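The structure appears right after this line, and notes come after that.
Owing to the predicted nature of the structure, the values given are computational and were not obtained by experimental measurement. Chain A is the first sequence line, chain B the second, and so forth, proteins listed ahead of strands; every chain is numbered from 1.
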2 protein chains.
Amino acid sequence: MNVENTKKQMRKGVLELCILAIISEEETYSTDIIAKLKEAELIVKEGTLYPLLSRLKTAGLLHYNWRESENSPPRKYYFVTEEGTNFLNNLWSSWSQLVSSVNLTTKQLQTVEKLE
Amino acid sequence: MNVENTKKQMRKGVLELCILAIISEEETYSTDIIAKLKEAELIVKEGTLYPLLSRLKTAGLLHYNWRESENSPPRKYYFVTEEGTNFLNNLWSSWSQLVSSVNLTTKQLQTVEKLE
DNA sequence: TTTTAGTACCTTGTATTGCAAGGTACTGTA
DNA sequence: TACAGTACCTTGCAATACAAGGTACTAAAA
């Protein structure tokens, strides 16, 4: 049992929220999504992102348009459907509730942190 | 793809943090742990908790003492080892970082929330 | 023309974990 | 002796992050 591993596990389900949030802000494509996640210090690999986008697409939460680009192959620009927006809102409230639950169970830790 | 399911996925790894935090606050046993999680609106089933406690025990992060109890079978009272305390601190900082990453990627959503 | 570098797309298989569903065993009471 | 309540545990499944591999397009260099 090691921290790095648990760190990965903690992200399960959360990436969906982040990726939907990013796409809902602006139509975008995979490499750019990875870059934006990286800015927020969330390192996501292609092998993670592509299957995730496919799942969201299949579930009708995302759609995409092909767009040409200079000096590179065409890109899939994703956007969030109405259904996707609802889902995103639900995810957000689930996440908010999880954060508040964790805050309650880790009160002690937070106190220690403040004392330092 | 449904919200309930993703909600479960979001808990992966987080339960370790919460359970270690609860035990670190006070020696306690499984049924009581479940009750405390429930207070924080985290519904955890026995089939989740027992394997988790076993893993943490095997990894040397937890130990336990048997204690008699009135009107019921003996209980395993768990406590966090020194190694477990280190691990807990690492989990806490991973969690804090995840929260801050999610906050960054979902800025838009939070703004919407405030406007309501 | 051929090769290389960069970008963009995708798939397969593995490890991990939450949980449903089932079970055993101890205590005190009816 | 039977039952209810508590406490413990196991097996098998579903879901997801990711390592590791691959294809295909563009443009510039050899």
Over how many whole Å does the gap from [X] atom [atom1] to [N] atom [atom2] extend?
X	N	atom1	atom2	value
A/Asn5	D/dA17	CG	C1'	10 Å
A/Glu70	D/dA28	CD	C1'	16 Å
A/Met10	C/dA15	CE	P	22 Å
A/Lys45	D/dG22	NZ	P	18 Å
B/Leu42	C/dG18	CG	C1'	13 Å
A/Arg11	C/dT17	CZ	C1'	16 Å
A/Leu91	D/dA15	CG	C1'	15 Å
B/Glu68	C/dC26	CD	C1'	10 Å

* Quick one: which residue pairs count as a salt bridge (Lys or Arg N to Asp or Glu O under 4.0 Å) with a foot in residues 35-53 of chain B, not counting sequence neighbours? => B/Glu26-B/Lys36, B/Asp32-B/Lys36
[atom2] on [Y] to [atom1] on [X], rounded to 0.5 Å:
X	Y	atom1	atom2	value
A/Ser94	A/Leu17	OG	CG	9.0 Å
B/Cys18	B/Trp95	SG	CH2	7.5 Å
A/Thr28	A/Ile22	OG1	CD1	8.0 Å

* Asked: Under 4.0 Å between a side-chain N or O of A/Arg55 and OP1 or OP2 of D/dA17?
  ->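 Yes, because at least one side-chain N or O of A/Arg55 sits under 4.0 Å from OP1 or OP2 of D/dA17.
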* To do: Could you tell me whether the phosphate oxygens of C/dG18, OP1 or OP2, come under 4.0 Å of any side-chain nitrogen or oxygen in B/Thr48?
  => no
* To do: Could you run through nucleotides 2-7 of chain D and give me one letter per nucleotide, 5' to 3': B if any protein heavy atom sits under 4.0 Å from the base, S if only the sugar-phosphate is that close, - if neither?
  => ---BBS
* Structure fact -> In short, side-chain hydrogen bond (donor to acceptor under 3.5 Å, both in side chains) pairs touching residues 77-88 of chain B with sequence neighbours left out are B/Arg75-B/Tyr77
* Asked: Among side-chain atoms of A/Gln110 and A/Thr106, is any donor-acceptor pair under 3.5 angstrom?
  -> yes
* Pair B/Ser72, B/Ser69: side-chain N/O donor-acceptor within cut-off below 3.5 Å -> yes
* Partners of B/Leu49 by side chain to side chain contact (heavy atoms under 4.5 Å, CB included), sequence neighbours excluded? -> B/Ile19, B/Ser30, B/Ile33, B/Ile34, B/Val44, B/Leu53
* **Residues forming a salt bridge (charged side-chain N to carboxylate O under 4.0 Å, His left out) with A/Arg55, sequence neighbours excluded** => none
* Neighbours of DNA chain C within residues 12-20 of chain B, by heavy-atom distance under 4.0 Å -> B/Lys12, B/Gly13, B/Leu15, B/Glu16
